[in-house]
Amino acid sequence: MSNEYQNTLELLKQLQINFYHRDFLLTWEQTNDELKAVTLVAELFKNLHKAGISLKSYDTGLAISIFRDNSTRTRFSFASAANALGLGLCDLDEEKSQIAHGETVRETSNMISFLAEIVGIRDDMFLGEGNKYMREFGAAIQEGYEQGILHQRPSIVNLQCDIDHPTQSLADLMQLKNTFGSLENLRGKKIAMTWAYSPSYGKPLSVPQGIIGLMTRFGMDVSLAHPEGYGLIPEVVELAKKQSAQHGGKFEVVTSMEEAFKGADIVYPKSWAPYHVMQRRTVLLNNNDKPGLKELEKECLANNAKFKNWECHEKNMMLTKNGEALYMHCLPADISGVSCTEGEVARNVFEKYRIATYAEASYKPFVIAAIMFLMRMQSPVEKLQAIVSRNQKRSL
Amino acid sequence: MSNEYQNTLELLKQLQINFYHRDFLLTWEQTNDELKAVTLVAELFKNLHKAGISLKSYDTGLAISIFRDNSTRTRFSFASAANALGLGLCDLDEEKSQIAHGETVRETSNMISFLAEIVGIRDDMFLGEGNKYMREFGAAIQEGYEQGILHQRPSIVNLQCDIDHPTQSLADLMQLKNTFGSLENLRGKKIAMTWAYSPSYGKPLSVPQGIIGLMTRFGMDVSLAHPEGYGLIPEVVELAKKQSAQHGGKFEVVTSMEEAFKGADIVYPKSWAPYHVMQRRTVLLNNNDKPGLKELEKECLANNAKFKNWECHEKNMMLTKNGEALYMHCLPADISGVSCTEGEVARNVFEKYRIATYAEASYKPFVIAAIMFLMRMQSPVEKLQAIVSRNQKRSL
Amino acid sequence: MSNEYQNTLELLKQLQINFYHRDFLLTWEQTNDELKAVTLVAELFKNLHKAGISLKSYDTGLAISIFRDNSTRTRFSFASAANALGLGLCDLDEEKSQIAHGETVRETSNMISFLAEIVGIRDDMFLGEGNKYMREFGAAIQEGYEQGILHQRPSIVNLQCDIDHPTQSLADLMQLKNTFGSLENLRGKKIAMTWAYSPSYGKPLSVPQGIIGLMTRFGMDVSLAHPEGYGLIPEVVELAKKQSAQHGGKFEVVTSMEEAFKGADIVYPKSWAPYHVMQRRTVLLNNNDKPGLKELEKECLANNAKFKNWECHEKNMMLTKNGEALYMHCLPADISGVSCTEGEVARNVFEKYRIATYAEASYKPFVIAAIMFLMRMQSPVEKLQAIVSRNQKRSL
């Protein structure tokens, strides 16, 4: 066994973790040790994959996905993670199911879980509902398990909700760990999580919330910037503040991209809808009020348009640490002159960091695989040891 | 090997069965021994799964599904069964295929079957067509096999047609076997298969037909109840009568839920469309006559509404054996005050039996896996013995 | 090991091939040795499959499909090939992805490829674009690989583009090889690739182009027939001419089905849209110009209707070699009196050769598996030897 693998396993053994048969819904419900464990296992998986080694951990079993919103990279990351562990994939396409037929969450959740190990859920459209749906799902399968209906209680992994996007923020964390050398090195580094202009509206708040909710755990200097009226869920902002104090970092909310960028080691310029707009939108979506939605969109786009100067470009990048801050994005970005006329980021800035954003995304399948693995294996370190020792090539 | 597993294998050895490379289309085309074999294998699979043992029976191979109507639980049951046996899943989405392009059944069936072991078909919308389609499909792949086109002839499993819903009725049978201790204990037990009010229309007849077509095989006292005009396919009712006489049970058709419930050990209140309505609907669907369908729906809902008192509630449940009959439903049920204002069953009755209906549903993946396994393995008992001896954990 | 398998492996060893980690986009970009290798491996796979032997070559891994047009047989062939080799399948449904959201090909291609071995693409709707898209995709993942983003560069297999349909034409070649005994025996055989009438329009040009681009490689006498105005892409016709001269065959373009049929050993009557119509259609499709498309369709169907006599029937089949030419079609065919009133082929002619066309189609899953295998295995002959020696039954 290579020393590198062995070192990772040794580090894992020192952590206090409690994942077994639980769900992964919000990073801030996990201890720092648990988050470290995710990054260590994800890194190990990535290295083993690069070396052509199979991560197969199941002879048979299902990973179920429920995507209540469009997705490319998370969908493929989830599918890739499931396949890598040896699980078959089964997607619940609600349009082809009988869910419209008045089925309840408590029922459906059990009906699809008889042979499932993992359920991955994306539900990010409705403020106040996505995370709630995941918890209702979890409570229902817990009941099914306790009542002897389910032989095992599958674990839920949050593939983006209205509050957090934990597999994204953890991929982002791994990119930072890799860029700056270690999680410890992130202490004192400034990250600017800032709103940016986009010609679309209604983008979820979960990415910026996920970032301020996670990075304040590692002693970073987190600067959240957005125009007036573009606030995030107040409870999450409060949490970030509290965590920041607790972990010896800084947290501020400022009202200009420039201020946030000043001296930043990392910038994360990304559009989102204002909290109160998402609240109004949720009501309209629930009522299927199309004219109302149209009206809201018009109003919002007009409001967004006042802030077209919130673009990340060469000039404001010069304000960052040595003019060389790491640019991050969860992708796809609204790139001025590429995917839209005016957007979140100037073409030349994006192009400079394009490969870096791909690297950032490349952690996601391994983060998801690591979370799945940790939630399902009773003795994960032993199992990892076995995978490493087995040294089975993916190609037979 | 545990004694329990060994006992099941001994029981299986005593049965005369002939599944190999055949289809499973109607329970009444199978002998009682064959139906017993399905329940025994399904039970064994369920117990092995509960013990964490892999049922993998294939190194590679495909299970193909064709869903011509929406489905949640049958879709996931089929996917789960395929995965448990080690088969990959491939769904024929007719909208994304070239079938609209004038392709014939005889051609498509062969084109998708080159590497298939199993084809699962749901086709329950068109009276007189679903089961016929399955047989045309079967005849076409039989020709393909005999002509040397297919290396193996895949087996078809009926995932609900216009006539029968065999994987549902067999899951129901397992629920009864489990509740009353044995198939033998079902002799003389009264089951009330009764129509119930629903605010929707056009529900298939295959569930009630499947129940009267199966339960009359086990010496049960089967009472079919429905309002005038809500008759089932006459041939199936005739068959139920004949089988009942043959197997020493009773069969009656009555015109009130109350009469059927009287002294019943089991009640199965479920809505369906009248036979003649389904016939008219089939013509309209074939002609894509949307105004005609709208008109028919209006007429039917108005007619249904005359029978809103056909609801299963605490009061009529008191008529059953000790007021404690087992409530059954294939799910999702129209629950008054939950999924609709007035429906098939009162909220408190459903809630009392909710977990029991989940248990009923939980047999389906194992019933499907058992049918698949029996149809594909030349020496199923030997193969089961091997699975039990191998004792391979699902989690590696 | 059977002598037959051993002979195939010996033949393979003698070929100069260079597939490893490359793409398979056009047959004329491959050497004759490489094409022979595909047919040999496909044949070996078909024989092993018939003998019940597993072709599993991967412990885990993904094959990704992107279908930008409807497909039944190619979709199932790809799924079957992936499953046979032990790869999981993941389909990119562009409607459910964020691609509409302004994502670029260079980005998406990397985002879905992190754990992919194979990407199969069908993109045949837009003249001048399908093959280009595949190459853009390939260049992007090449960059991703070189930049260290991808651990491995997946190989692309063309599942039909605007120029070629290589997995179809190679399945056709195998049908010819099997019918006439060997590839060598094809020398001097006359194949009539002719246009035929269809009541639809806008059919891709890739099949006839694929046939003249491939069969001119084997010394065949290739006769291309179509009405005036129904020409193929000029460059491909030029290529066919050149290849034909090079490989000692013949190539002609004639203007009547009868002329092409005269003395033919093989006939391939199939409809396609005129090149210039596909060019106009591409512009209209890109502009989403629905009235324009309607108008073009009307005009084309009217033009097609002038050539209803371009039907393959008993009478013109009498012109072929002994009246017994092999009829070929990629399916589904427009069969007069079956799938349309008047079409490409008379009912009785199609019926006579129906099973032969199914046999032709039956090679496709194995052709795709062979291409996948050759592109991914560094030492394919050794690996094949291992599969043959392992002799693992598909059914465990």
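Quick note on labels: first sequence line is chain A, next is B, and so on, each numbered from 1. Keep in mind it's a predicted model, so treat the numbers as computed, not measured. Any value given below was found using the heavy atoms of this structure, including those in side chains, with hydrogens, waters and symmetry copies removed.
- Taken to the nearest 0.5 Å, the OG1 atom of C:T108 stands 6.5 Å off from the CZ atom of A:R73.
- In this structure, A:K393 contributes its side chain and C:D59 its backbone to no donor-acceptor pair below 3.5 Å.
- Neither the backbone nor the side chain of A:F67 comes within contact range of chain C, judged by heavy atoms closer than 4.5 Å.
- In this structure, chain A has a heavy atom under 4.5 Å from the side chain of C:I64, while its backbone stays farther away.
- The side-chain heavy atoms of C:F114 and A:P365, taken from C-beta on, include a pair separated by under 4.5 Å.
- Taking the side chain as every heavy atom from C-beta outward, A:R75 and C:D93 never approach each other to under 4.5 Å.
- Neither the backbone nor the side chain of C:R376 comes within contact range of chain A, judged by heavy atoms closer than 4.5 Å.
- Here CD of C:E107 is found 6.0 Å from CD1 of A:I335. Values are rounded to the nearest 0.5 Å.
- Within 6.0 Å of atom OH in C:Y145, 12 or fewer heavy atoms from other residues, nucleotides or ligands are found, so the atom counts as exposed in its surroundings.
- Contact count versus chain A (heavy atoms, under 4.5 Å) is highest, among C:L150, C:I149, C:L89, for C:I149.
- Two residues are said to be in side-chain contact when any heavy atoms from C-beta on lie closer than 4.5 Å; A:F366 and C:L115 meet this criterion.
- Of residues 347-357 of chain A, those residues with a non-hydrogen atom less than 4.5 Å from any non-hydrogen atom of chain C are, in numerical order, A:F350, A:E351, A:R354, A:I355.
- For C:K383, the part lying near chain A is the side chain, with the backbone staying farther off; criterion is any non-hydrogen pair under 4.5 Å.
- The OH atom of A:Y358 lies 6.0 Å from the CG atom of C:N110; values are rounded to the nearest 0.5 Å.
- With respect to chain C, the highest number of heavy-atom pairs below 4.5 Å among A:K46, A:K56, A:H49 belongs to A:H49.
- With C:T60 as the fixed residue, the side chain to side chain contact (heavy atoms under 4.5 Å, CB included) test singles out one of A:L87, A:L55, A:L85, A:N83: A:N83.
- A heavy-atom distance below 4.5 Å is not found between the side chains of A:K364 and C:M111.
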